[in-house]
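See structure below.
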Amino acid sequence: VRSFNSVLNVVVKAGRLDRGLDFYEHVIGCRKDIVPNVLTFNLVVKCLCRLGRIDRAVELFREMPNWDCVPDVFTYCTMMDGLCKVGRVDEAVSLLDEMQIEGCFPSQVTFNVLINGLCKKGELVRAGRLVENMCFKGCVPNEVTYNTLLHGLCSVGKLDKAVSLLNHMVSRKCLPNDVTYGTLVNGLVKQGRAVDATTLLLFMEERGMRPNEYIYSSLLSGLFKEGRVEEAMQLWKDMITKGCKPNTLLFSVLIDGLCRAGKPDEAKGFLSQMVDDGHAPNAFTYSSLMKGYFKAGNSNEALQLWMEMEANNCVRNLVCYSVLIDGLCEEGKLKEAMEVWEHMLGSGCKPDAVCYSSLIHGYCRAGLVEQGLNVFNEMLFQGGQCKPDVITYNILFDGLCNSNNISQAIDLLNCMLDHGCDPD
RNA sequence: GACUACCAAAAGGU
């Protein structure tokens with residue numbers, strides 16, 4: 001079992017989750033001498049969670065006693081994290097009670113997982129209460145706890161609170177690490193304060209820390225989004241001078257930034273460079289670049305990249321399809337856009353509200369509002385992740401009003417309200 | 001118990 005677990009762990013760490021599950025099922029099915037133990041279950045539960053098969057994970061978790069396995073802290077933690085990551089925080093919190101009833105003591109990590117779940121949902125008050133509970137149970141908050149809370153504060157824009165928490169953290173002899181700085185830099189950038197983020201970067205360097213790729217990418221992306229192209233390029237050069245080797249993430253951010261600045265050709269030069277450096281472009285890289293070319297009115301080049309993706313076995317996800325569909329629609333190439341749409345459905349990619357809205361916008365622009373409404377009705381019918389949102393409705397209002405169809409627009413407004421969607 | 005758990009990052013629609 002130990003060797004089996006080791007192998008399984010390696011497979012899971014490599015991100016080959018489906019392979020991991022197959023391997024598990026295969027081995028358990030035909031090797032009666034290998035009996036899964038708690039650690040095996042912990043790994044498999046993690047696999048199922050990461051694959052989004054959370055209900056199956058819970059099921060397996062409940063079946064453990066049938067295999068003479070008692071869930072341990074790790075099991076509970078893995079299960080709680082899985083639940084939190086799909087937003088089912090309350091169920092995760094109830095496991096905290098359950099584990100204690102079963103005589104299993106929660107650890108620092110257990111609390112961190114739940115605090116993270118609450119912070120991601122914006123439930124900072126509950127998160128704070130959990131920190132108190134944590135201390136009460138004899139668990140000391142560590143860097144991860146603080147980083148999690150800092151991220152929670154930053155994502156609701158409470159940077160002042162974040163700074164006081166940072167001071168508190170230091171006073172508790174908890175040293176800020178890479179993640180701490182990354183969280184703060186990103187928090188500043190998201191507030192449109194890339195200049196302050198640059199200062200923080202300097203501060204961090206003065207303290208002898210070397211910013212990593214995450215930190216550089218946050219800042220770089222922020223500078224480009226604020227239109228500070230010169231500063232962004234200077235940062236890129238400085239970064240390389242300081243010995244930071246750009247990876248796929250950094251190249252993608254740079255390419256995206258240059259495209260936003262209307263320089264897709266320059267961006268494409270970096271695409272070649274990253275490939276030469278041995279970094280494979282991914283869906284992020286290509287979608288940014290394709291959008292850049294569409295924006296510059298060069299759809300041929302965008303399509304070229306689309307083909308290149310296929311040739312390079314780069315997985316085309318929903319965002320890539322959306323960029324392509326939107327770009328083609330904007331050029332009035334509705335027929336081609338529909339072909340891509342069919343191709344997307346055929347590849348098993350399910351359109352979401354953004355993707356549907358791009359298509360609807362395409363029809364409206366071409367004066368085919370009726371067609372747009374058909375697509376809209378399909379969205380309502382499909383439900384789930386492609387429920388129309390405010391933007392979808394706004395696109396249709398615009399289309400209907402432009403064709404002087406006020407009464408249908410009013411009907412649509414009622415439909416919107418009926419579906420619980422708030423106008424902006 | 002180094003066979004298992006927690007934190008920061010980039011792309012799409014008005």
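Because the structure is a prediction, the values reported are computed rather than measured. Chain letters run A, B, ... following the sequence lines, proteins first, then strands; residues in each count from 1.
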- prompt: With sugar-phosphate meaning primed atoms plus P, OP1 and OP2, does Asp424(A) contact a base, only sugar-phosphate, or nothing at under 4.0 Å between heavy atoms?
  reply: nothing
query: Phosphate oxygens OP1/OP2 of A5(B): is one of them under 4.0 Å from a side-chain N or O of Lys85(A)?
result: no
- request: Answer with base, sugar-phosphate or nothing: what part of the nucleic acid does Asn142(A) contact at a heavy-atom distance below 4.0 Å?
  value: nothing
message: Using modelled atom types and a 3.5 Å cut-off, is there a donor and acceptor pairing between side-chain atoms of His419(A) and backbone atoms of Cys415(A)?
response: yes
message: Under 4.0 Å, counting only non-hydrogen atoms across every strand here, what does Asp398(A) touch: a base, just sugar-phosphate, or nothing?
response: nothing
Nucleotide of G13(B), A8(B), A9(B) approaching Asn212(A) most closely (side-chain heavy atoms): A8(B)
- prompt: Is the Phe224(A) to Trp236(A) ring centre distance short of 6.0 Å?
  reply: no
message: At 4.0 Å (heavy atoms only), tell me whether Arg50(A) reaches a base, stays on the sugar-phosphate, or touches nothing.
response: sugar-phosphate
message: At less than 3.5 Å, do the side-chain atoms of Ser357(A) and the base atoms of G13(B) form a donor-acceptor pair?
response: yes
task: Scan Cys259(A) against the nucleic acid and name what it touches under 4.0 Å (heavy atoms): base, sugar-phosphate only, or nothing.
output: nothing
- prompt: Given atom CG of Leu289(A) and atom P of G12(B), what is their separation to the nearest angstrom?
  reply: 13 Å
- request: Taking only the side-chain heavy atoms of Ser252(A) (C-beta and beyond), determine which of C7(B), A5(B), A10(B) contains the nearest atom.
  value: A10(B)
- prompt: Is any side-chain N or O of Lys291(A) closer than 4.0 Å to OP1 or OP2 of A11(B)?
  reply: no
field: Pairwise P distance, A2(B) and C6(B) [rounded to whole Å]
entry: 16 Å
task: Measure from CG on Asn42(A) to C1' on A2(B) and round the result to the nearest Å.
output: 16 Å
field: Touch class at under 4.0 angstrom, heavy-atom based, for Ser107(A) against every strand present
entry: base
message: Assess the residue pair Thr110(A) and Ser107(A) against the criterion (side chain to side chain donor-acceptor pair (under 3.5 Å)); give the C-alpha distance rounded to whole Å, side-chain angles, the decisive distance to 0.1 Å, and a yes or no.
response: CA-CA 5 Å; Thr110(A) 316; Ser107(A) 68; 3.0 Å; yes
message: Using a heavy-atom cut-off of 4.0 Å across all strands, would you classify Lys295(A) as base, sugar-phosphate, or nothing?
response: nothing
query: Considering only side-chain heavy atoms of Leu39(A), which listed nucleotide, A8(B), A5(B), C3(B), is closest?
result: C3(B)
query: Rounded to the Å, how far apart are Leu8(A) CG and A5(B) P?
result: 11 Å
task: Report yes if a donor N or O on one partner sits less than 3.5 Å from an acceptor N or O on the other, where the partners are the side chain of Asn147(A) and the base of C7(B); otherwise report no.
output: yes
- line: Atom CG of Leu324(A) and atom P of G13(B) are separated, to the nearest Å, by 13 Å
query: Tell me, which pairs form a salt bridge (charged side-chain N to carboxylate O under 4.0 Å, His left out) where one or both residues lie in residues 253-269 of chain A, sequence neighbours left out?
result: Asp256(A)-Arg260(A), Lys268(A)-Glu301(A)
- prompt: Is the gap between the ring centers of Phe376(A) and Tyr393(A) under 6.0 Å?
  reply: yes
- prompt: Can you tell which of U14(B), C6(B), A11(B) lies closest to the side chain of Ala283(A)?
  reply: A11(B)
- prompt: Can you find a donor-acceptor pair, distance only, under 3.5 Å between Asn282(A) side chain and A11(B) base?
  reply: no
message: Heavy atoms from C-beta onward define the side chain here; which of G12(B), A11(B), G13(B) lies closest to that of Leu318(A)?
response: G12(B)
query: OP1 or OP2 of G12(B) sitting under 4.0 Å from any side-chain N/O of Arg316(A)?
result: no
- prompt: Whole-Å distance between G12(B) C1' and Leu328(A) CG?
  reply: 13 Å
message: I want to verify a distance call: between A11(B), G13(B), A8(B), whose nearest atom is closest to the Tyr214(A) side chain?
response: A8(B)
message: Rounding to an integer number of angstrom, what distance separates C3(B) and C7(B) when you compare their P atoms?
response: 22 Å
task: Kindly point out which of G13(B), A10(B), G12(B) is positioned nearest to the side chain of Ser322(A)?
output: G12(B)
- prompt: Can you find an N or O donor on one side and an acceptor on the other, under 3.5 Å apart, linking the side chain of Ser217(A) with the base of A9(B)?
  reply: no
- prompt: Which listed nucleotide (A5(B), A8(B), A10(B)) is nearest to the side chain of Val73(A)?
  reply: A5(B)
- prompt: When the aromatic ring centroids of Phe23(A) and Phe4(A) are compared, is their separation below 6.0 Å?
  reply: yes
task: Remember a base hit wins even if backbone is also touched, and classify Ser6(A) as base, sugar-phosphate or nothing at under 4.0 Å, heavy atoms.
output: sugar-phosphate
- prompt: Asn317(A) side chain: which of A9(B), G13(B), A11(B) is closest?
  reply: A11(B)
message: What is the separation between atom CD1 on Ile255(A) and atom C1' on A9(B), rounded to the nearest whole Å?
response: 16 Å
message: So, under a plain 3.5 Å distance rule, would you say the side chain of Asn112(A) forms a donor-acceptor pair with the base of A5(B)?
response: no
message: For G13(B), does the base pair up with any side-chain atom of Thr392(A) as donor and acceptor (N or O, under 3.5 Å, distance only)?
response: yes
- request: Apply side chain to side chain donor-acceptor pair (under 3.5 Å) to Thr145(A) and Asn112(A), showing your working.
  value: CA-CA 6 Å; Thr145(A) 321; Asn112(A) 288 343; 2.6 Å; yes
- prompt: CG of Leu150(A) versus P of C7(B): gap in Å, rounded?
  reply: 15 Å
- line: Taking C6(B), U14(B), A8(B) as options, the one with an atom nearest any side-chain atom of Ile395(A) is U14(B)
- request: Look at the rings of Phe270(A) and Phe251(A) and say which category their plane angle falls in: under 30° parallel, 30 to 60° tilted, over 60° perpendicular.
  value: tilted
field: Atom C1', compared across U14(B) and A10(B): separation rounded to whole Å
entry: 24 Å
- prompt: Looking only at atom C1', what distance separates A5(B) and A9(B), rounded to whole Å?
  reply: 22 Å
- request: Mind calculating the distance between CD (Gln108(A)) and P (C6(B)) to the nearest angstrom?
  value: 14 Å
Side-chain H-bond candidate by donor/acceptor type, Asp81(A) with Asn116(A), under 3.5 Å: no
- prompt: Are any of Lys120(A)'s side-chain N or O atoms less than 4.0 Å away from OP1 or OP2 of C7(B)?
  reply: no
message: What contact category does Arg260(A) fall into here, base, sugar-phosphate, or nothing, at under 4.0 angstrom with non-hydrogen atoms?
response: sugar-phosphate
- prompt: Hey, does Val253(A) reach any base, or is it just sugar-phosphate, or nothing, if we go heavy atoms under 4.0 Å?
  reply: sugar-phosphate
